[in-house]
Amino acid sequence: MAEAIRRGMADCSPAERKVARVLLSSYPSAGFETVAKLAARAGVSGPTVLRFANRLGYRGFPDFQQALRDDLDERSASPIDLYDRHRSDQGADAVSGLERAASITRDTLDRTFDALVPGEFDRAVDLLCAPRTRVLVAGGRFSGLLAKVLAQHLQLIRTGVAALPEHDAGRIEAVAGLRRGDVVVLFDYRRYEEPTRRLAAAARERKASVVLFTDAWLSPIASEADVVLPSETDSPSPAFDAMTPVLAIVEAVIAECSERLGTAASARMREVEDAGRELGLY
């Protein structure tokens with residue numbers, strides 16, 4: 001829903017865009033207010049709110065709110081919820097497990113890249129390649145692995161990149177050192193993690209830019225992030241969301257950053273190689 005609102009803003013009137021901004025800034029709670037209250041918050045008329053709902057394809061505001069409830073059910077689904085849903089939906093299927101996994105994975109990847117906004121992708125690369133910026137990368141329980149992949153690759157092609165330390169003291173020092181112009185890259189997926197949200201808030205407080213990797217339902221961080229890179233989550237697993245599409249976006253970002261940095265990236269890689277040989281590690 002949040003992503004649909006963001007995308008729909010391009011076709012909205014100026015007054016309707018005010019409604020969209022209020023919804024995104026207080027997502028999802030603003031969507032459950034009355035038409036009159038939402039209109040007052042946006043500084044528009046009640047009919048403008050109704051036209052906005054119609055613009056998104058809903059017959060009325062109650063339909064919009066029901067879709068929002070359905071969206072929240074999906075956003076908060078736990079692994080056991082997904083597993084139970086999969087078991088109840090499962091029927092006779094002649095397709096092998098491997099064929100099914102391949103089909104689902106290809107479809108999820110296609111939909112992820114089809115949904116990506118080119119301008120958002122380019123903006124992420126701009127921020128990660130900006131000279132003299134510092135980049136801090138962090139994720140959650142599982143997405144932290146992908147955060148490390150991004151950080152370690154960026155470290156090979158530019159200076160000033162660090163993964164958020166796992167110990168408390170290191171995290172405090174890293175956040176305390178954030179300054180205007182720094183970039184914080186966060187990975188946050190459904191059952192969104194409060195520590196990650198707090199990192200985003202701390203980054204915004206210090207005027208750092210926030211790049212968010214998230215799912216199609218969008219982390220609450222999305223309303224405050226400078227760049228949002230969502231991915232689809234359909235997976236062959238009955239209980240766990242797909243991380244392959246996230247990794248694919250990460251690899252695309254790394255590839256474009258390498259291209260953008262050009263000779264500076266190759267010079268940095270030579271420095272790393274030379275240091276490794278000097279220490280007897282290569």
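Source: prediction; values computed, not measured.
- The shortest non-hydrogen separation linking Ala242 to Asp234 is CB-O, 3.3 Å.
- Under the rule for a side chain to side chain donor-acceptor pair (under 3.5 Å), the partners of Asp107 that lie at least two apart in sequence or sit in another chain are Arg111.
- Val117 and Val210 end up in different hydrophobic clusters when Ile, Leu, Val, Met, Phe, Trp and Tyr side chains are linked at under 4.5 Å.
- The closest donor-acceptor contact from the side chain of Arg171 to the backbone of Pro165 lies under 3.5 Å.
- Distance alone, capped at 3.5 Å, places no donor-acceptor pair between the Asp215 side chain and the Thr233 backbone.
- Linking Ile, Leu, Val, Met, Phe, Trp and Tyr whenever their side-chain heavy atoms come within less than 4.5 Å leaves Ile172 and Leu164 in two separate clusters.
- When side chains are defined from C-beta on, Leu136 does not count as touching Asp182, because their heavy atoms never get closer than 4.5 Å.
- Using the six-membered ring where Trp is involved, Phe187 and Phe213 have ring planes that are parallel, under 30° apart on the 30 and 60° scheme.
- In summary, Glu166 and Lys148 engage in a salt bridge, as defined by a charged side-chain N under 4.0 Å from a carboxylate O.
- To the nearest 0.5 Å, atom CZ of residue Phe32 and atom CZ of residue Arg69 are 5.5 Å apart.
- Residues Leu56 and Ala4 share a closest heavy-atom pair of CD2-O, 3.9 Å.
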- Test side-chain contact (heavy atoms from CB on, under 4.5 Å) applied to Arg191 and Tyr189, step by step: CA-CA 6 Å; Arg191 302 199 87 188; Tyr189 296 84; over 6 Å; no

- Message: Evaluate Val211 against Val253 for side-chain contact (heavy atoms from CB on, under 4.5 Å), listing each step before the verdict.
- Response: CA-CA 12 Å; Val211 175; Val253 168; over 6 Å; no

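- Among pairs with a residue in residues 152-162, those fulfilling side chain to side chain donor-acceptor pair (under 3.5 Å) read Thr133-Arg158, at least two apart in sequence or across chains.
- Between Glu273 atom CD and Leu156 atom CG the span is 8.5 Å, to the nearest 0.5 Å.
- In this structure, CG on Leu50 lies 10.0 Å from CG on Leu38, to the nearest 0.5 angstrom.
- The minimum heavy-atom distance between Phe121 and Ala252, with the atom names listed, is CZ-O, 3.5 Å.
- For the side-chain hydrogen bond (donor to acceptor under 3.5 Å, both in side chains) with Ser219, the qualifying choice from Thr214, Thr196, Asp188 is Asp188, the only one to do so.
- Neither Ile104 nor Met243 shares a network with the other; the hydrophobic side chains, linked directly or stepwise wherever heavy atoms of I, L, V, M, F, W or Y lie under 4.5 Å apart, form separate groups for each.
- The shortest heavy-atom contact between Thr105 and Pro236 is OG1-CG, 3.9 Å.
- Residue pairs satisfying the side chain to side chain donor-acceptor pair (under 3.5 Å) criterion with at least one member in residues 242-264, sequence neighbours excluded, are listed as follows: Asp126-Arg260.
- Going from atom CG of Leu247 over to atom CD1 of Ile254 covers 8.0 Å, rounded to the nearest 0.5 Å.
- Cys257 has its side chain within reach of Val125: a pair of non-hydrogen atoms, C-beta onward, lies under 4.5 Å apart.
- Cluster membership check: Met269 shares its hydrophobic cluster with Leu154, using side-chain heavy-atom separations under 4.5 Å among Ile, Leu, Val, Met, Phe, Trp and Tyr.
- Looking at heavy atoms from C-beta onward, Pro230 lies in side-chain contact with Leu116 at the 4.5 angstrom threshold.
- The list of side chain to side chain donor-acceptor pair (under 3.5 Å) pairs with a residue in residues 35-48, not counting sequence neighbours, reads Ser26-Arg41, Glu33-Arg41, Ser45-Thr48, Thr48-Arg51.
- Rounding to the nearest 0.5 Å places CG of Asp110 at 11.0 Å from CD of Glu232.
- The closest side-chain heavy-atom distance from Phe52 to Ile5 is below 4.5 Å.
- The closest side-chain heavy-atom distance from Leu23 to Phe64 is below 4.5 Å.
- Among all heavy-atom pairs drawn from Arg17 and Cys12, the shortest one is NH1-O, 2.7 Å.
- Side-chain contact check for Ser235 versus Thr108: every heavy-atom pair is 4.5 Å or farther apart.
- For the pair Val183 and Leu127, the tightest heavy-atom approach, listed with the atom from each and the gap, is CG2-O, 3.7 Å.
- For Arg123, the salt bridge (Lys or Arg N to Asp or Glu O under 4.0 Å) criterion is met by no residue, not counting sequence neighbours.
- Within the structure, every pair that satisfies the side chain to side chain donor-acceptor pair (under 3.5 Å) test and touches residues 200-212, not counting sequence neighbours, is listed here: Arg204-Asp226.
- Atoms OG and CG, on Ser143 and Asp241 in that order, are 11.5 Å from each other to the nearest 0.5 Å.
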